[in-house]
Engineer: 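Shown below is the structure under consideration.
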Amino acid sequence: MKSLAQELPSPSTIQETPIPNKNQDPLIAHGLQKEQYVGIVGLLIALVAAVGFFSRRFEYAILFALVLSAIIIAFFLFV
């Protein structure tokens with residue numbers, strides 16, 4: 001029975017695949033990040049407005065949670 005060390009190839013035969021240039025990856029949409037952020041903020045505003053239409057208290061609770069979350073995220077990013 002072979003041990004695990006005997007079954008593995010030697011380190012000299014293992015070759016790494018070169019990483020392609022990040023800017024040339026066709027699966028990543030470069031330059032669309034700003035549009036995505038604008039769309040997310042627009043959806044967030046629409047959600048708060050729709051909820052606020054039905055319940056003003058719930059709208060204030062959502063706004064408070066969002067502002068508090070943004071403050072906490074900023075705190076942890078810059079500390």
Engineer: In terms of hydrophobic clusters joined by side-chain contacts under 4.5 Å, are Ile40 and Leu43 together?
Structural biologist: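 No, because Ile40 and Leu43 fall into different hydrophobic clusters, even though each may have its own neighbours under 4.5 Å.
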Engineer: So if you build clusters from Ile, Leu, Val, Met, Phe, Trp, Tyr with side-chain heavy-atom gaps below 4.5 Å, do Ile73 and Phe78 land together?
Structural biologist: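 In one cluster: yes.
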Engineer: With the 4.5 Å side-chain cut-off for hydrophobic clustering, are Phe76 and Leu68 part of the same group?
Structural biologist: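 Shared cluster, yes.
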Engineer: Answer yes if Leu66 and Tyr60 sit in the same cluster of Ile, Leu, Val, Met, Phe, Trp and Tyr residues linked by side chain heavy atoms under 4.5 Å apart, and no otherwise.
Structural biologist: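 No, Leu66 does not connect to Tyr60 through the hydrophobic network.
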Engineer: Do you know which two heavy atoms are closest between Glu59 and Val51, and how far apart they sit?
Structural biologist: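 Smallest heavy-atom distance, with atoms named: N-CG1, 4.2 Å.
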Engineer: Among the clusters formed by ILVMFWY side chains lying less than 4.5 Å apart, do Val67 and Leu47 turn up in the same one?
Structural biologist: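 No; Leu47 is not reachable from Val67 via cluster members.
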Engineer: To the nearest 0.5 Å, tell me how far Leu44 CG sits from Ile62 CD1.
Structural biologist: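 So the gap between those two atoms works out to 9.0 Å.
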